[in-house]
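Just so it is clear, the model here is predicted, and its values are computed rather than measured. Just so it is clear: chains get the letters A, B, ... in the order the sequence lines come, proteins before strands, and each one is counted from 1.
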2 protein chains.
Amino acid sequence: MNEQLSAATPTDTSKIDGPSDAKVGQGAISSIRPVSTYELVVEQVKRAIFLGRFVPGDKLPPERDLAAQMLVSRTTIREAMRVLEGEGLIQVKRGAMGGLVVKAQTNLQANEIESYMEGQRELLDSIYEYRIANECMAARLAATRRNKDQLRRMGSCLKGMKALCETPAMRAITANIARFRALDSEFHLVVAEACGNRFIMQAVEDTRTAMFLPIGKVFKRLEDSANEHHEAIYAAIKDGDADAASEAMRLHIVTSRESLENLMPQDSGRRPKKSAKRV
Amino acid sequence: MNEQLSAATPTDTSKIDGPSDAKVGQGAISSIRPVSTYELVVEQVKRAIFLGRFVPGDKLPPERDLAAQMLVSRTTIREAMRVLEGEGLIQVKRGAMGGLVVKAQTNLQANEIESYMEGQRELLDSIYEYRIANECMAARLAATRRNKDQLRRMGSCLKGMKALCETPAMRAITANIARFRALDSEFHLVVAEACGNRFIMQAVEDTRTAMFLPIGKVFKRLEDSANEHHEAIYAAIKDGDADAASEAMRLHIVTSRESLENLMPQDSGRRPKKSAKRV
DNA sequence: ATGAATGGTCTAATCGTGATACCATTAGCG
DNA sequence: CGCTAATGGTATCACGATTAGACCATTCAT
């Protein structure tokens, strides 16, 4: 994003198309950032945690096992663990029955949430726009391509989430919130899988990973509306109704964004309802 | 995508949600593929070529300059050049006025195209679905967020493309096809830039890169319809009409896919108009 | 107390990368 | 023709990342 340099181009294009300066977003060659193996390990473990494959209290496999599974040396695994430990994602315990324990993300105080969310607003807007683009298409395509096993797994997620919401008292338990979010992720990922498009699948996984940090510190209770929306999406996909599936997904995501909006500063001058148009 | 291993999870989730097997797409930890720096160089140079920043006949900057710009050693640059040379993307010439010359992609014979495209059909479908999802959203958002400079650059691209199409004789010139594709890429990238969403921007760039190999060997003449469609997209974005911009983009991409379809085997049993629903 | 599991530490070898100098080839020019 | 400059080709040494393996230290269950 820094340097730029138009290549030695003896055959000047502009001979033909005249004033076609344009030359798109910047030049062609920019600096390379070498990627260490331990960084890749960090990324993969983070992704697993962010997608809910490990919830707080779970332990990662022992270092030796991680090394074997990832086909890297234990040294590299340990470097990665130092990073994750430093970022507060895991806690390292020595001795038997010890291990690499996934920590709960610190919840912010009520008065901290607003200012925190304010700083995340732009990122969240981008993420949700991207989600609407890709997940609506995912739902649309899934409606005509899903197979029985995928429908079964979607149903399984819905069942699990409903169970977690059953008693009001359980809605504020941290561990349950983590489990709910894991099932929520899984539902959306199965829909993406069912759409049979690897690019869209990757996009959905990426957004879920990207959402973790911004909203992980904020959620304190489960939203019932999510269950209803998930049911609607599921029903439309099961019925093979592509338009309905897409619209149900859109409504779900828009609603989800709005419920986040309630955690933000109440229209304090900003938020001039720009682009109030339906996305 | 190979190994899997559910973490040591003493706190069994299934205690609560009962038969929630699900456990989404596979396990959590898979093998790491270390990424060498020279691979990153290869990727970036490829991307620059695929996006049309360098067209056949252009020369990349000299090795020493590339090394300086990318902040890597010449050794690493040279490793990357070996790969690009091996893949037939560049030709290395020694001596003064020599350099790293971008080669034209070999065009296939008419009788080869069908079987080649047949093998690419699935990939192309995925790419185009992903494009529709993201670029329609990009156009929609761009309609309300674009600034004057972005409009100017879009217009500049349109002008350049029209100029290239002016005389029928010039439509089959290889160099012109490359220039046309570069401007086409640039137009779509500026739209993506104007949407102000970095995720969508990245998605658009990714798809254009992904399209290069499948269709690079096939195109032999320029399509006029692209110009008309581009004009329509531009007009809608200029007018701030989000719905029209999105729809114009959709039409453009769908048409583009259909014109590719004409290069494929003519419904030889396959292509049972599944998902014939409008995407 | 003992043993097993697990993280912590150390060491030697290997490989990727960087830095630098110098060689070989080629085009342009006096 | 012969120089010079630009550019790719080669060689060398140094350093850091990664691997492989052994061994130490801590903790819990029995």
Figure out the [atom1]/[atom2] separation between [X] and [N], and round it to whole Å.
{"X": "A/L100", "N": "C/dA5", "atom1": "CG", "atom2": "P", "value": "17 Å"}
{"X": "A/Q91", "N": "C/dG7", "atom1": "CD", "atom2": "P", "value": "13 Å"}
{"X": "A/K93", "N": "D/dC28", "atom1": "NZ", "atom2": "C1'", "value": "12 Å"}
{"X": "B/I77", "N": "C/dT17", "atom1": "CD1", "atom2": "P", "value": "11 Å"}
{"X": "B/R64", "N": "D/dT10", "atom1": "CZ", "atom2": "C1'", "value": "11 Å"}
{"X": "B/I32", "N": "D/dT19", "atom1": "CD1", "atom2": "P", "value": "10 Å"}
{"X": "B/M81", "N": "D/dG9", "atom1": "CE", "atom2": "P", "value": "11 Å"}
{"X": "B/E39", "N": "C/dT17", "atom1": "CD", "atom2": "P", "value": "8 Å"}

Map A/T76 and A/G98 onto DNA chain D by nearest heavy atom, then report which one ends up closer to the 5' terminus.
->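 Whichever sits nearer the 5' end wins; that is A/T76.
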
Take A/R94 and B/E85, find for each the nucleotide of DNA chain D with the closest heavy atom, and name the residue whose nucleotide sits nearer the 5' end.
->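 Its nearest nucleotide lies further toward 5', so the answer is B/E85.
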
Considering only side-chain heavy atoms of [X], which listed nucleotide, [options], is closest?
{"X": "A/E63", "options": "C/dG18, D/dC28, C/dG7", "result": "C/dG7"}
{"X": "A/E79", "options": "D/dT18, C/dG7, C/dT26", "result": "D/dT18"}
{"X": "B/Y38", "options": "D/dG8, D/dT18, C/dT17", "result": "C/dT17"}
{"X": "B/A96", "options": "D/dT7, D/dA6, C/dA5", "result": "D/dA6"}

Distance test, side-chain N/O of [X] to OP1/OP2 of [N], below 4.0 Å:
{"X": "B/S36", "N": "C/dG16", "result": "no"}
{"X": "A/R78", "N": "C/dG8", "result": "yes"}
{"X": "B/R82", "N": "D/dG9", "result": "yes"}

Sorted by position of nearest nucleotide on DNA chain C, 5' first, the leading residue of B/V72 and B/G95 is B/V72

Atom CD of A/E112 with >12 non-hydrogen neighbours under 6.0 angstrom |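 Yes, enclosed.
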
May I ask you to verify whether the side chain of B/R74 and the base of C/dG18 hold a donor-acceptor pair under 3.5 Å?
-> no

Distance-only donor-acceptor check, side chains A/E85 and A/Q91, under 3.5 Å |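 On atom types as modelled, these side chains do not qualify, holding no pair under 3.5 Å.
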
Does B/R152 pair with B/D149 as a salt bridge, N-O distance under 4.0 Å?
-> yes

Residues B/R47, B/D206: salt bridge by 4.0 Å N-O rule = yes

Nearest-0.5 Å distance, NZ of residue B/K46 to OG1 of residue B/T209 =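 OG1 of B/T209 is found 10.5 Å from NZ of B/K46.
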
Have a look at B/T75 and say if it touches a base, only the backbone sugar-phosphate, or nothing, with a 4.0 Å heavy-atom cut-off.
-> base

